[in-house]
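Report on the structure given below.
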Number of protein chains: 2
Amino acid sequence: MSKRRSGDPTIKDVARLARVALMTVSRVINNQPSVRPATRKRVEAAIAQLGYQQNEAARQLKGQRARIIGLIVPDLSDGFFAICAHTIQRLARQHGFMTLVVASGRDAELEVEQAELMAKRMISGLLLVSSIQDPQPFHERLQRADLPMVAFDRPLAGLKTDAVLVENRAGAAAAVQHLIEHGHTRIACIGYDEEVYTIRERIDGYRGAMQQARLKPMVAAGLGQLDEVRAWLGRVLASKTPPTAIFTLNHRTSAQLYQALAERGVAIPGQVAVVGFDDFDLAPVLNPPLTAVAQAPAELAARSMHLLLERINRTAQGEFEEPAKILLPTSLVVRSSCGKHV
Amino acid sequence: MSKRRSGDPTIKDVARLARVALMTVSRVINNQPSVRPATRKRVEAAIAQLGYQQNEAARQLKGQRARIIGLIVPDLSDGFFAICAHTIQRLARQHGFMTLVVASGRDAELEVEQAELMAKRMISGLLLVSSIQDPQPFHERLQRADLPMVAFDRPLAGLKTDAVLVENRAGAAAAVQHLIEHGHTRIACIGYDEEVYTIRERIDGYRGAMQQARLKPMVAAGLGQLDEVRAWLGRVLASKTPPTAIFTLNHRTSAQLYQALAERGVAIPGQVAVVGFDDFDLAPVLNPPLTAVAQAPAELAARSMHLLLERINRTAQGEFEEPAKILLPTSLVVRSSCGKHV
DNA sequence: TTGAAAGCGCTAACAC
DNA sequence: GTGTTAGCGCTTTCAA
C-alpha cells in the first residue's frame, strides 16, 4: 500500500508561498547567483516555513546525480574492510552523501555488474577495492560507466583512476629486516591469495629484503586453511633446517599460525619468531603479543574518500585532472613475538 | 531517435520497436495480466533486443519504491555488525535490492535522521539495530516514515515492528551455570554499555543464574576502557575474597580482560576462569582458547532479512500482519578458559 | 485487450 | 532578474 507521500511540499508550494515562479525557487536551491537578495530571502523563508526538501527522484530524472556514493569491497566481514567501510560511510554522511555498499565476494563479474547498477542509479562516485585479476573485459565496462572513481588498497592497473595504496613492499621488507636484525637467517614467508595485488607486493618485499641480505627466500603462499598451515608447519619443523622465524602475509594467517604453533607447543619467540602483516585489535592480546606491520585502514579510507570528493567536484565543474596516486606508509608495531633485539 | 543523454533505451523505444503503445510495454514490465500472449511475446522480444532496463528515477517519481533496502547499525567496524552487514548485503543483492548502509555511531538522533533520509529516497524497507534509549521523541518519527521495518539484535520497544533477537538472558545464564558447575562460587560479571538492551539482558541472565544458585552477584558494568578493566582487576585481586571466575559481557571486554590478566601474570583458568559473551574468530587463538557464548550474527542477519522481504511483499499487496518476534538461541562453545569439568 | 493523455517534481533553455 | 515552456521516463486514469 504505497500511500503517496504527497504530504511533502514541492518546489511549487514554495513558489506559491513566496509569490515567485518555480524557476526562481530552483535557482535559490541550486545557489545560482542571478537572484536578487530580497527575492532570495523570501524564497528561503518559504522553504524554511514549509520544511521543503528537494525530491531526489525528480532531480535524477533530469539527469542530475544522486547524492550517493558507492562502495565495493571484497568482503565486509573482514575487519580491515569493515573499518574502511565504517570510515567511508561516516565521511560520506558528513558531506551529505548516502552510501551504497556491496560486498563482491571477490567475484570480478559481480563487482562490475554491481558497479554498473550503481551507475544506472546515477551515484556521484564510486570507491572500489577491486577483485579484478584479468583487466581486459572488465575495465572497459567500468570505464564506460563514466563515474568518478577511486580505487583503494588495490590498483586498477591500466585504468585512469585515482588510487590510494599501501606501501606493501616497504612494509614487508621492514618486517623481514627486523627479523634479520634479530639474527634470523632462515625466515619463512607464508600466506594465501597470492594472485591478489597486496599479497604479491608483500611477497616481493619479503624476497627483496631476503636477497639483499643474501638469504634464501622460502615462500609458501597457498595456505588458506588452518589445516594447510598445520600441515606446512609439521613439514618444515621436521626438516633438517627449520625456519627460526616466520613472516605471515596477512592477519588471518597470523592467527592460524599462532593456533598451529600453540597446538604443537612451539614457543614464540623462543623456538620460532613471528612477525605478521596487518595489525588488528586483538594482536596485543595474543600470547605473546604479535609484532605486526600496521596499515591504517581508517586513513586509507579517509584519503580515498577525500580524493573522490575532489574528483566529484572537479567533474561537476567540467574540469579534468590526471589521476592521483597516493601511497600510504606502514609502521612496524614491535611487540614480543619477535624476541628481544640482539 | 531523439538524442538522449544516457543512451539507455526507454519504454518508448521498446514500444516503437514492438509496435505497441507505451502502456502495453509498462503492463508487460509490471506483469499485469491483461496483455494478450502474442503481444507480450513481441514486447518481450523488443525488450531483450534493446537490452531495456527500467529507469528507477522515473518509477520513483511516480511514487513507486526503490529496489533498495536500508541498514542502520551502531558501528560497522564492530566484527559482529560487520558480519551482519555482509550477510544482509549479500541476501539483498540476491533478491534484487541494493543496500544503503549507515553507521549511526550509537547516536539516536542521527539514526532517526538517516532513517528519514532513507524513507525520502523511497527505500523498500529498513533493517535496524537501534541505538534509541528514550523512545518517546524518536519512535513517532520512525513510525511516520511508514516503512517496512525489522529491528534486530535490539528491539524497538513499543513500536509495532518485527524483531529478531538473541536469547541474551539464557545465553548468559548458561555461561554462568557452566562456571558454577566447575565449582566456582565467586563469579564476577564485567563489561560496559549497561544502558544497551543486550547488555542489560545479559546482566539479568547472570543475576538470575547466580541467585538461583544462592550466590552473590558481583557486577561491574562500567568498564569500557582497558585501563578501567586493569583498575578493577587490581582492586578485586587485592580483596580478601577475589572472584575465582569472571563472566565478560561482550567480546571487547573479554579481550581487555585477557590482556589485563596476562599483564599481571594471572593464570587462566588456574587462578581465574573466564567465560565470555560473544564468540569471535580469534577466540580459539587466544591463550588459553576462550570459552564463549556464541551468537550467530549471520543467522541473525539472514532471519531479519527474510522477515523484511516478507513484510515488503505483504505491504505491497496491502496485507497486514501482526509483528513477528523471533528469538535465536545461543550456544556455549567450551574451550579451555573455564578449566576442566569438576 | 489496448491506447492516449495527464502528470509526478524538477531543471535547461529560452523569453521577457 | 525573473518567468514560461518543455520535457526527463514512467504509471495512473480513463477512453476506445
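Below, chain A is the first sequence line, B the second, and so on; all start at residue 1.
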Spacing of A/I29 atom CD1 relative to C/dC10 atom P, expressed in whole Å: 6 Å
Euclidean distance, atom CD of residue B/Q64 to atom P of D/dG9 [Å, nearest integer]: 17 Å
A/Q32 CD to D/dG3 P, straight-line distance once rounded to whole Å: 14 Å
5' precedence on DNA chain C between B/R27 and B/A58 (nearest-nucleotide basis): B/R27
Sugar-phosphate only, base, or nothing, as touched by B/S34 at under 4.0 Å among non-hydrogen atoms: base
Under 4.0 angstrom between A/R59 side-chain N/O and C/dG9 OP1 or OP2: no
Can you give the donor-acceptor pairs under 3.5 Å from side chains of residues 69-78 of chain B to other protein atoms, not counting sequence neighbours?
unit_1 : atom_1 : unit_2 : atom_2 : d
B/D75  : OD1    : A/H86  : ND1    : 3.3
B/D75  : OD1    : B/S77  : N      : 2.8
B/D75  : OD1    : B/S77  : OG     : 2.7
B/D78  : OD1    : B/F80  : N      : 2.8

Residue A/M23, side-chain heavy atoms: nucleotide from D/dT11, C/dA13, D/dT2 that is nearest: C/dA13
Between P of D/dT5 and CG of A/L22, the distance in whole Å: 11 Å
cation_pi(A/R67, A/F97) dist<6.0 Å, angle<=45: yes
Any donor-acceptor N or O pair under 3.5 Å, side chains B/E111, B/S130: yes
Presence of donor-acceptor pair under 3.5 Å, side chain of A/R40 and base of D/dG1: no
Side-chain N,O (B/T24) to OP1/OP2 (C/dT2) below 4.0 Å: no
Close side-chain approach of B/V20 to B/T39, heavy-atom, < 4.5 Å: yes
B/K62 NZ - D/dC10 C1' separation (whole Å): 7 Å
B/N55 CG to C/dC8 P, straight-line distance once rounded to whole Å: 18 Å
Nearest-angstrom distance from the residue atom CG of A/L61 to C1' of D/dC8: 4 Å
A/V102 backbone acceptor or donor facing B/Q89 side chain under 3.5 Å: no
Value in whole Å for how far the P atom of D/dC8 lies from CD1 of A/I11: 19 Å
Under 4.0 angstrom between A/Q60 side-chain N/O and D/dG9 OP1 or OP2: no
Any B/T39 side-chain N or O less than 4.0 Å from OP1/OP2 of C/dT2: yes
Sugar-phosphate only, base, or nothing, as touched by B/Q54 at under 4.0 Å among non-hydrogen atoms: sugar-phosphate
Sugar-phosphate only, base, or nothing, as touched by A/T10 at under 4.0 Å among non-hydrogen atoms: sugar-phosphate
